[in-house]
2 protein chains.
Amino acid sequence: MKLSTKGRYGLKAMLDLAIHNDQGPVALKSIAERQSLSENYLEQLFAALRKAGHVRSVRGAQGGYLLSKNPDSITIGSILRSLEGSLAPVDCVLENEPHKCDRFDDCVTKIVWEKIRDSVNEAVDSITLGDLVKKSNKDSVLY
Amino acid sequence: MKLSTKGRYGLKAMLDLAIHNDQGPVALKSIAERQSLSENYLEQLFAALRKAGHVRSVRGAQGGYLLSKNPDSITIGSILRSLEGSLAPVDCVLENEPHKCDRFDDCVTKIVWEKIRDSVNEAVDSITLGDLVKKSNKDSVLY
DNA sequence: TGAATACCGAGTAATACAGTTGGAATTGGA
DNA sequence: TCCAATTCCAACTGTATTACTCGGTATTCA
C-alpha cells in the first residue's frame with residue numbers, strides 16, 4: 001500500500017511550483033534543485049501533470065511550468081491520481097473500469113476494498129494544493 | 001497504492017477459515033483448493049498470521065489451522081497489517097517508528113500522508129472478520 | 001545564433017513481488 | 001509401528017515493476 005515516488009515527488013514538485021508560481025514560469029531545473037529531485041525524472045511527472053490539465057508549459061529559454069488553475073481548485077487527490085493512476089487498493093474496484101473476476105457479484109472482500117478506496121479518495125480530495133501552500137513557510141526551503 | 005497478494009489472498013484465506021472454523025482444523029490444502037491459491041504460498045501467509053496471534057495451528061495428520069479468537073474481535077485492519085506491514089502510504093509516517101527525513105518537522109506534505117494513513121486504518125479497523133462471515137453465503141463457494 | 005528550456009522515446013540497473021523447492025518435524029490412524 | 005497427512009522453515013528463482021538515465025529534437029528568449 002505504498003505510494004510510489006511518482007506521487008511523492010510529484011506532490012512535492014507541485015507544491016514547490018505553487019509557491020513560486022507568481023514569479024513567472026518555473027523551470028524544472030529549479031524545482032529539482034530546491035527539492036533534491038532528478039530533473040530528468042521530473043520531466044516524466046510533469047508530462048502526466050500536463051496531460052491531466054494541472055499545469056501548462058512555456059517552452060524555450062526562460063520557460064518552465066505554470067499552474068493552469070488556482071491552487072485552491074486543485075485537490076491533492078487529482079494530483080495523486082494523475083500520477084499514480086487510481087488509488088483503489090485492488091484492480092477489481094477501479095472507479096472507471098473494474099477488472100471483474102468470476103466471483104465479482106458474490107465477492108464479500110470487495111466490500112473492504114471499496115471502503116478503502118472510498119476513504120482514501122475522500123481523504124485526498126478534501127485537501128487542496130492551496131491548503132498546503134497556506135501551511136508552508138514561504139520564506140523557508142523547508143516544506 | 002495497491003495491496004499486494006499477501007493482503008488479498010490472506011484476507012480471502014482468513015474468511016474461508018472463519019467459515020469452516022467450526023469443523024475442526026482446516027488444512028491449507030483445502031483452503032488453497034477452494035480459493036484457487038497456491039498452498040505453498042499460503043504457508044508463508046499463515047506463518048505471519050500465526051505470529052500475529054490470529055490463528056493457531058494443529059500439526060500432523062488431520063491438522064490445520066483454527067482461528068485463535070472470535071471472528072467478531074478480529075478486525076480486517078489487524079489482518080491486513082500483519083500481512084502487509086503498516087498501511088501508511090509513505091515510510092515517514094509509519095505508526096511505530098517513522099522514518100524521519102531532514103525536513104520532518106517542517107514537512108507539509110506529511111499532513112497528506114497522515115490523513116491517508118489514518119483514514120485507511122479507520123476504514124479497515126471498522127470491519128471485522130465476523131462482519132464478512134455474516135455477509136457471505138455459507139452454502140456457496142462464492143465469497 | 002546560442003543558450004536555455006520543454007518534449008519524447010528508449011534503455012537500464014536495482015528492487016520487490018510472487019511464488020517454488022526441498023526438506024524436517026509432528027501427529028493421527030491403519 | 002509405520003505411513004500418510006500435515007505444519008514448519010529457509011532458501012532459491014523467475015518476472016515485473018520501479019526509478020530512474022540517456023540521447024536527441026523542438027522551441028524560444030536575449
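Chain letters run A, B, ... following the sequence lines, proteins first, then strands; residues in each count from 1. What you see is a predicted model, and the numbers here were worked out from it, not measured in a lab.
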Sugar-phosphate, base or nothing in reach of A:Y65, heavy atoms under 4.0 Å: sugar-phosphate
message: What I want to check is whether an N or O donor and acceptor connect the side chain of B:Q44 with the base of C:dT20 at under 3.5 Å.
response: yes
field: Base of C:dT26 paired with side chain of B:R59 (donor-acceptor, under 3.5 Å)
entry: no
query: Looking only at heavy atoms, what is the nearest atom pair of A:M1 and B:L3, with distance?
result: CG-CD1, 2.9 Å
task: Kindly give the heavy-atom pair with the smallest separation between A:S136 and A:L15, and that separation in Å.
output: OG-CD1, 4.2 Å
query: Can we say B:D105 and B:K110 salt-bridge, meaning some charged N sits less than 4.0 Å from an Asp/Glu carboxylate O?
result: no
query: Should the pair B:D72-B:K134 be classified as a salt bridge under the 4.0 Å nitrogen-to-oxygen rule?
result: yes
If I take atom [atom1] in residue [X] and atom [atom2] in nucleotide [N], what distance separates them, rounded to the nearest angstrom?
{"X": "B:E43", "N": "C:dT26", "atom1": "CD", "atom2": "P", "result": "16 Å"}
{"X": "B:Y41", "N": "D:dC8", "atom1": "OH", "atom2": "C1'", "result": "18 Å"}
{"X": "A:N40", "N": "C:dA6", "atom1": "CG", "atom2": "P", "result": "11 Å"}
{"X": "A:L83", "N": "D:dT18", "atom1": "CG", "atom2": "P", "result": "13 Å"}
{"X": "B:L45", "N": "D:dC8", "atom1": "CG", "atom2": "P", "result": "13 Å"}

- line: The nucleotide from D:dC20, D:dT7, C:dA6 with an atom nearest the side chain of A:S38 is D:dC20
- line: Among the nucleotides D:dA4, D:dA19, D:dT7, whichever has the atom closest to the side chain of B:E39 is D:dT7
query: If you find the nucleotide of DNA chain D closest to B:K51 and the one closest to A:S4, which residue's nucleotide is nearer the 5' end?
result: B:K51
query: Hey, which of these two, A:R50 or A:G60, hits DNA chain C nearer its 5' end, going by closest nucleotide?
result: A:G60
Do the side-chain N or O atoms of [X] get closer than 4.0 angstrom to the phosphate oxygens (OP1, OP2) of [N]?
{"X": "A:T5", "N": "D:dT18", "result": "no"}
{"X": "B:Y9", "N": "C:dG19", "result": "yes"}
{"X": "A:S57", "N": "C:dT5", "result": "no"}

query: Side-chain heavy atoms under 4.5 angstrom apart, residues restricted to Ile, Leu, Val, Met, Phe, Trp, Tyr: same cluster for B:L94 and B:L83?
result: no
